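Owing to the predicted nature of the structure, the values given are computational and were not obtained by experimental measurement.
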Amino acid sequence: MMSPNHTPDDRASSHTANFRHTPLQIIHVIGNFLRIWSVYSMYRYLSQTGASVVLFIFSCVAPSSVIFLVLQKPWKGRPVSNTQVVPSVINGGITALYYILWGIGLKSCGPVRAILAEYSGAVLGVLSAALYGRRGHIFKKVGGLFAMLASFYFLSQGWAMATYSPFSFNDSPISEGQTEQVLDMKSMVAPILAGILSALRRVISRRISLKNQLKRRLHAITIASATCFLFPVAMWDMIVGSPKVELPFSPWAFSSTILFGIILIFYVDNIAEERLHMVFSSPRHIMAAGVCLIVLEIFYKMDFSLLGFLICCTLLGFGIYEATSLDRGKKDNVHSTDITNGIFEDQNERSPLPT
């Protein structure tokens with residue numbers, strides 16, 4: 001029976017809106033595919049050359065900051081207040097630490113684990129629910145947290161790899177691309193912390209700016225600040241840190257990381273957030289990333305178990321869904337709340353979405 005609150009005209013307008021968003025959804029999938037492709041290029045470069053992670057990250061972030069500054073020109077237009085510049089500079093330090101931890105996690109854990117660990121930022125949803133949410137939902141969110149931890153544990157045990165997955169029944173030879181090994185949860189700490197820092201920097205970015213254009217200008221300041229924070233770390237690593245300071249030049253590894261892994265993904269995520277209402281830590285985002293991972297794992301002939309990967313992704317998506325869920329059945333049309341990477345925000349306080 002048709003609900004009295006939903007007329008045929010409402011359903012027609014809904015279908016029209018979904019059709020209008022289809023090109024944006026395609027752009028989002030393509031952007032994520034290119035970004036994940038750059039991750040695989042970066043992983044192969046670091047694992048084959050043994051180059052320093054910090055030096056590689058700095059060599060990619062520095063030109064990216066120049067490109068962002070040229071594109072956004074934060075010094076033009078309405079002056080940016082100190083109350084926005086200072087948090088952006090601090091956010092740059094968080095971004096620099098995120099890049100270092102994530103690069104270390106990528107080199108030690110492999111692309112699948114490093115990319116899926118980025119969604120660990122959803123634990124901020126559990127924290128916000130414990131501090132500000134209704135006590136009746138805390139058990140559901142804690143259950144979602146345990147599902148996420150179970151997914152990361154199974155990933156660390158190699159469930160997504162054909163060699164170690166309990167769901168792989170064929171004795172296939174070791175593939176050319178296999179360099180990942182069974183890890184323990186301690187080895188997953190770096191990419192998990194990087195995922196939490198990534199969620200934190202996204203939250204700070206939204207808190208200091210609600211307007212999309214100003215957010216882009218402040219992001220240019222954030223990346224420039226991250227470059228400044230990375231510079232002394234990279235110099236220290238080059239002088240006394242790494243036994244091998246060579247950084248062999250690979251055009252595809254560097255260019256794909258700069259263009260797709262840092263610059264393009266920022267604009268793609270903005271489109272998904274502002275137009276599609278799809279935040280990073282969401283089951284829909286995991287679904288898009290999961291499809292891209294399956295394609296690239298097969299393309300690079302990695303040691304890959306499809307069934308084990310799907311189980312880990314399903315657990316992670318379910319955990320994020322529960323950890324970031326609201327009381328959907330009791331939300332009204334006036335005082336609905338939105339959760340972005342685990343932080344509750346009142347929709348009435350947010351600026352209208354750009355058209």
Enclosure of [X] [atom1] (heavy-atom neighbours >12, cutoff 6.0 Å):
X: Met287; atom1: CE; answer: no
X: Tyr267; atom1: OH; answer: yes
X: Phe266; atom1: CZ; answer: yes

Please confirm whether the backbone N or O of [Y] pairs with a side-chain atom of [X], one donor and one acceptor, at under 3.5 Å?
X: Asp303; Y: Met161; answer: no
X: Lys107; Y: Ser52; answer: no
X: Ser108; Y: Ile104; answer: yes
X: Ser151; Y: Cys312; answer: yes
X: Lys76; Y: Lys73; answer: no
X: Asn91; Y: Thr222; answer: no
X: Ser225; Y: Val89; answer: yes
X: Ser120; Y: Ile192; answer: yes
X: Arg113; Y: Leu155; answer: yes

Once you round to the nearest 0.5 Å, how far does [atom1] of [X] lie from [atom2] of [Y]?
X: Cys313; Y: Leu293; atom1: SG; atom2: CG; value: 7.0 Å
X: Gln84; Y: Arg217; atom1: CD; atom2: CZ; value: 9.0 Å
X: His219; Y: Asn270; atom1: NE2; atom2: CG; value: 8.0 Å
X: Ser282; Y: His277; atom1: OG; atom2: NE2; value: 13.0 Å
X: Ile115; Y: Ile36; atom1: CD1; atom2: CD1; value: 4.5 Å
X: Leu200; Y: Leu193; atom1: CG; atom2: CG; value: 12.0 Å

Kindly indicate whether the side chain of [X], heavy atoms from C-beta on, has any atom under 4.5 Å from the side chain of [Y].
X: Tyr300; Y: Trp37; result: yes
X: Glu322; Y: Met148; result: no
X: Leu218; Y: Pro74; result: no
X: Phe33; Y: Leu296; result: yes
X: Val112; Y: Tyr43; result: no
X: Thr227; Y: Phe231; result: no

Can you give each donor-acceptor pair under 3.5 Å made by side-chain atoms of residues 250-263, sequence neighbours left out, with the distance rounded to 0.1 Å?
from, atom 1, to, atom 2, distance (Å)
Trp252, NE1, Ser41, OG, 2.5
Ser255, OG, Pro251, O, 2.5
Ser255, OG, Trp252, O, 3.4
Ser256, OG, Trp252, O, 2.5
Ser256, OG, Ala253, O, 3.3
Thr257, OG1, Ala253, O, 2.7

Original post:
With sequence neighbours excluded, what pairs up with His28 under the ring pair (Phe, Tyr, Trp, His ring centres under 6.0 Å) test?
Top reply: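 Result, ring pair (Phe, Tyr, Trp, His ring centres under 6.0 Å) vs His28: His285.
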**OP:** Using ring pair (Phe, Tyr, Trp, His ring centres under 6.0 Å) as the criterion, list what pairs up with Trp75, not counting sequence neighbours.
**Re:**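 Partners of Trp75 by the ring pair (Phe, Tyr, Trp, His ring centres under 6.0 Å) criterion come out as none, since no residue qualifies.
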**OP:** Apply side chain to side chain contact (heavy atoms under 4.5 Å, CB included) to the pair Ile100 and Leu230, showing each step before the final yes or no.
**Re:** CA-CA 9 Å; Ile100 293 174; Leu230 283 171; 3.6 Å; yes
Please tell me whether [X] and [Y] are part of a single hydrophobic cluster in this structure, the criterion being side-chain heavy atoms less than 4.5 Å apart.
X: Val291; Y: Phe309; value: no
X: Tyr119; Y: Phe318; value: no
X: Ile298; Y: Val29; value: no
X: Met235; Y: Tyr99; value: yes

Subject >> With sequence neighbours excluded, residues passing salt bridge (charged side-chain N to carboxylate O under 4.0 Å, His left out) with Arg35 >> reply: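 Arg35: salt bridge (charged side-chain N to carboxylate O under 4.0 Å, His left out) contacts with Glu118.
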**OP:** Measure from the ring center of Phe299 to the ring center of Tyr40 and say whether it is less than 6.0 Å.
**Re:**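 Phe299 vs Tyr40: aromatic centres not under 6.0 Å.
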Looking only at heavy atoms, which two atoms of [X] and [Y] are closest? And how far apart?
X: Cys109; Y: Ser187; value: SG-O, 3.3 Å
X: Ser165; Y: Ser305; value: OG-OG, 3.2 Å
X: Gly31; Y: Leu264; value: CA-CD2, 4.4 Å
X: Pro191; Y: Gly105; value: CD-CA, 3.9 Å

Give every donor-acceptor pair under 3.5 Å between a side-chain atom in residues 53-64 and any protein atom, sequence neighbours left out.
from, atom 1, to, atom 2, distance (Å)
Ser59, OG, Leu55, O, 2.7
Ser64, OG, Cys60, O, 2.7

**OP:** Indicate whether any N or O donor in one side chain lies under 3.5 Å from an N or O acceptor in the other, for Tyr153 and Trp159.
**Re:**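 No - no donor-acceptor pair under 3.5 Å links their side chains.
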**OP:** Please list all pairs passing the salt bridge (Lys or Arg N to Asp or Glu O under 4.0 Å) test where one or both residues lie in residues 254-272, with sequence neighbours left out.
**Re:**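 Qualifying pairs, neighbours excluded: Arg202-Asp269.
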